[in-house]
Amino acid sequence: MDKYEKVIELAKRRGFLWNSFELYGGAAGFYDYAPLGSTLKRRIEQIWRELYVIHEGFMEIETPTIGIEDVFVASGHVGGFSDPLCECKKCGEAFRADHLVDNIVEVADALSNTELDKIIKDNDIKCPECGGDLGDAYEFNLMFQTAIGPGGGRPGYMRPETAQGMFVNFQRLLKFYRDKLPFGATQIGKSYRNEISPRQGVIRLREFTQAEAEIFIDPRDKTHPNIERFADTSLNLYSQEGQERGTVEQITIGDALKQGIIAHEFLAYHIALTNHFLQRVGISPEHLRFRQHKKDEMAHYAIDCWDAEIETDRFGWIEVVGIADRTDYDLNAHAKTSKTELSAYIEYDEPKMVTSFVVKPNMGKLGPAFKGKAKAVADALKALTQEELEQDEITVVVDGEEFVVSSELVEFAEETVKVSGETVVPHVIEPSFGIDRILYCTMEHAFNEEMVTAQEGKDSKKPEEESRIVFKLQSEVAPVQVAVLPLMTKSELIIPAKDIVSLIRDRGLLVSYDDSGTIGRRYRRNDEIGTPYSITIDYESLDDKSVTIRDRDSMNQVRTPIDGIEDVIYSLVYEGKEFKTAGTPVQ
RNA sequence: GCGGCUGUGGUUUAGUGGUAUGACAUUGGCUUCCCAAGCCAAUUACUCGGGUUCGAAUCCCGGCAGCCGCACCA
């Protein structure tokens with residue numbers, strides 16, 4: 001059993017992750033979040049919200065998971081998120097149809113399926129594997145398609161990313177933020193991709209959760225006001241050059257900027273913030289690196305793009321976050337498809353005096369003179385230089401036809417006007433998180449199997465060493481933050497134990513109660529689900545109103561008064577209180 | 001999607017053409033019980049469908065799922 005199997009086995013057994021639709025045989029690419037997994041996921045999302053929504057101020061929105069066709073035509077997903085496949089009739093192997101005709105036509109990826117079929121037929125292309133006949137090309141789009149409304153309705157798609165929901169709301173968001181750049185919006189939600197062959201558990205799903213921020217910034221100013229916060233943060237950077245050399249270097253954000261490894265401050269800030277988030281949810285820094293996209297893998301519109309990658313036992317380095325400067329690509333694409341200007345007006349600090357040469361054709365006279373051609377003539381006049389306009393008779397060519405315009409019909413002058421700002425299409429910085437993958441990685445990094453010396457029991461059959469499975473989840477993300485355990489199943493201990501449960505529950509902590517089995521067994525049960533602290537009520541508690549708190553990782557115990565125990569636990573979980581200060585040590 | 005391997009309680013495992021072994025876990029009870037102790041009892045399984053057969057969990061075919069390889073991976 002490798003670590004992946006152990007983690008998945010534990011996740012299944014203890015109620016973190018279950019295969020979806022198991023009752024009916026299951027379906028690949030879908031996972032259910034079981035009670036503890038669902039809670040763990042919420043905890044991770046909540047930390048993300050704290051950092052991005054509350055601290056950075058990128059308000060969260062929620063948009064439909066189904067999108068209409070126009071949105072994905074504009075985003076390029078309808079055309080570009082699919083591949084033409086064609087299968088061999090003999091051996092069944094599937095090939096990219098456009099790749100098969102690559103060396104016959106110049107731009108194979110622009111061809112329709114019928115055109116591809118024709119070329120394959122005309123050139124007698126056979127299966128590269130077995131030489132068999134090839135079937136017709138068909139489109140395999142990674143988006144799930146559906147119909148909106150009855151009777152076929154209009155085409156709709158399950159969104160393949162949450163990002164488009166922010167882009168299409170750009171104008172509304174801009175107004176919401178009172179026309180000021182930069183601003184950002186976030187969304188945590190489900191996205192859907194009809195993966196051809198999902199495997200690797202929760203690493204590649206057909207329905208998955210993304211947490212995305214779209215930050216709209218002034219394209220001329222990519223500095224970040226708080227970059228100093230992370231200047232000394234040291235990261236494992238796997239840059240384009242580093243990948244060529246095969247070396248990852250540890251370098252501070254400040255130095256990476258100075259050396260021009262990261263394109264600009266804004267991107268650098270978000271790389272560092274991503275690092276901060278991942279470590280806070282429990283990713284170990286030595287298994288975390290930031291890999292820069294190589295020039296040929298980067299989308300053509302992106303300036304710079306970095307993936308946060310986490311090292312896993314079975315799958316090696318996997319991408320969990322993408323942080324990209326997407327420039328004005330998305331807004332331009334939606335502007336073009338929707339025929340709506342998507343831009344922001346930026347006022348200058350000081351108005352500028354701008355001198356320009358202005359041509360004013362007199363339409364009142366041009367109209368009667370040139371009738372239907374008047375507008376084209378006027379446009380041609382505007383394109384002329386001062387010198388050309390200074391002639392008595394000006395000649396312009398429209399649609400190959402020459403027109404002579406009297407100088408009386410056009411005025412021109414150099415004008416100086418006050419310009420107080422300009423219109424820009426903002427650039428977008430996009431950190432995009434794959435929550436499911438991050439959750440898996442926190443589980444894998446938290447998973448520990450330690451050998452502990454078995455206690456001398458009354459029965460010597462026990463081996464001297466036994467393994468203890470401990471989920472060393474960060475206390476902040478643990479789905480159960482504290483367990484309350486009466487030492488024995490006796491009502492005199494159960495009653496005060498349940499009082500402590502309500503006390504802690506009222507403090508807003510995730511607490512479980514367990515009186516089944518021996519105390520040691522219950523400790524181990526809680527170790528396995530990652531409960532950081534256990535409170536035990538014993539007979540002494542009845543006399544001195546105190547309990548023991550046991551620390552999951554060290555197995556040490558302290559004795560603490562029941563009065564105020566909820567605040568002690570809260571500090572341990574959320575405020576980094578040191579365990580040994582939580583009470584007087586036992587033994 | 002193609003090829004290979006695999007599929008037995010919650011987990012893990014033994015096994016055979018005549019409905020199944022064990023372990024751990026779980027539940028209840030007993031035991032003043034602080035790191036999976038012990039004792040008693042209980043619950044839970046042959047991935048699904050079709051075929052061959054008197055009889056299939058076992059043999060054959062197909063589906064589904066898992067793993068590995070290929071292809072795919074905005």
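Proteins get letters first, then strands, A, B, ... in listed order; numbering begins at 1 in each.
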[Y]/[X] salt bridge by N-O under 4.0 Å criterion:
X	Y	result
Glu450(A)	Lys472(A)	yes
Arg314(A)	Glu5(A)	yes
Arg521(A)	Asp514(A)	no
Lys490(A)	Glu492(A)	no
Lys498(A)	Asp515(A)	no
Glu45(A)	Lys41(A)	yes

Counting only Watson-Crick pairs (N1-N3 plus N6-O4 or O6-N4) and G-U wobbles (N1-O2, O6-N3), all under 3.5 Å, who is the partner of [N]?
N	result
A57(B)	none
A20(B)	none
C35(B)	none
U26(B)	A42(B)
U47(B)	G63(B)
C72(B)	none

Exercise. Looking at Trp317(A), does the NZ or CZ of Arg289(A) lie under 6.0 angstrom from its six-membered ring centre and within 45 degrees of the ring axis?
Worked result: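 The answer is yes, since Arg289(A) meets both limits relative to Trp317(A).
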Write down the atom of [X], the atom of [Y], and the distance for their closest heavy-atom approach.
X	Y	result
Arg204(A)	Pro198(A)	O-CB, 3.5 Å
Ser534(A)	Leu485(A)	CB-CD1, 4.0 Å
Ile435(A)	Gln210(A)	CG1-C, 4.3 Å

Problem set entry | Of Glu319(A) and Arg206(A), the one whose closest RNA chain B nucleotide lies more 5' |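 It is Arg206(A), whose closest nucleotide lies nearer the 5' terminus.
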Problem set entry | Whichever of Met488(A) and Asp551(A) has its nearest RNA chain B nucleotide further upstream toward 5' |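 Its nearest nucleotide being more 5', the pick is Met488(A).
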Could you work out the separation of [N] and [M] based on their [atom1] atoms and round it to a whole Å?
N	M	atom1	answer
U47(B)	U8(B)	P	6 Å
C72(B)	A57(B)	C1'	37 Å
C48(B)	G7(B)	C1'	11 Å
G22(B)	U43(B)	P	14 Å
C46(B)	G3(B)	C1'	28 Å
C61(B)	G9(B)	C1'	28 Å
U19(B)	G1(B)	C1'	38 Å
U58(B)	U16(B)	P	14 Å

Exercise. For RNA chain B, what residues of residues 509-528 of chain A have any heavy atom nearer than 4.0 Å?
Worked result: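 Only Ser516(A), Thr518(A), Ile519(A), Gly520(A), Arg521(A), Tyr523(A), Arg524(A), Arg525(A), Glu528(A) qualify.
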For this session: List in numerical order all residues of residues 540-550 of chain A for which some heavy atom is under 4.0 Å away from an atom belonging to RNA chain B.
Result: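 Those residues are Thr548(A), Arg550(A).
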Exercise. Phosphate oxygens OP1/OP2 of U31(B): is one of them under 4.0 Å from a side-chain N or O of Lys490(A)?
Worked result: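 Answer is yes, contact under 4.0 Å.
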For this session: Considering just the side-chain nitrogens and oxygens of Tyr4(A), establish if one lies under 4.0 Å of OP1 or OP2 belonging to C67(B).
Result: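 Yes, because at least one side-chain N or O of Tyr4(A) sits under 4.0 Å from OP1 or OP2 of C67(B).
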Just how far, in rounded Å, is [atom2] of [N] from [atom1] of [X]?
X	N	atom1	atom2	result
Glu22(A)	A65(B)	CD	C1'	9 Å
Ile537(A)	U32(B)	CD1	C1'	15 Å
Arg13(A)	U44(B)	CZ	P	21 Å
Arg559(A)	C34(B)	CZ	P	12 Å
Phe21(A)	C48(B)	CZ	C1'	17 Å
Gln557(A)	C34(B)	CD	P	10 Å
Leu205(A)	C73(B)	CG	C1'	13 Å
Leu23(A)	G10(B)	CG	C1'	16 Å

Exercise. When all nucleic acid strands are considered with a 4.0 Å heavy-atom cut-off, which category describes Arg159(A): base, sugar-phosphate, or nothing?
Worked result: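 No contact.
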For this session: May I ask you to say what Asn19(A) touches in the nucleic acid, namely base, sugar-phosphate or nothing, with a heavy-atom cut-off under 4.0 Å?
Result: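 Asn19(A): no heavy atom of the nucleic acid under 4.0 Å.
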Side chain of [X], heavy atoms from C-beta onward: which of [options] has the nearest atom to it?
X	options	result
Arg314(A)	G66(B), C68(B), C33(B)	C68(B)
Arg204(A)	C34(B), G1(B), C72(B)	C72(B)
Arg199(A)	C35(B), G69(B), U12(B)	G69(B)

Problem set entry | Flag for Tyr157(A)-Glu69(A): side-chain donor and acceptor within less than 3.5 Å |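 Yes, a side-chain donor-acceptor pair sits under 3.5 Å.
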Exercise. How should the glycosidic conformation of U19(B) be described, syn or anti, under the criterion that syn lies within 90° of 0?
Worked result: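 U19(B): syn.
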Exercise. Centroid-to-centroid, Phe471(A) to Phe16(A), below 6.0 Å?
Worked result: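 Yes, the ring centres sit under 6.0 Å apart.
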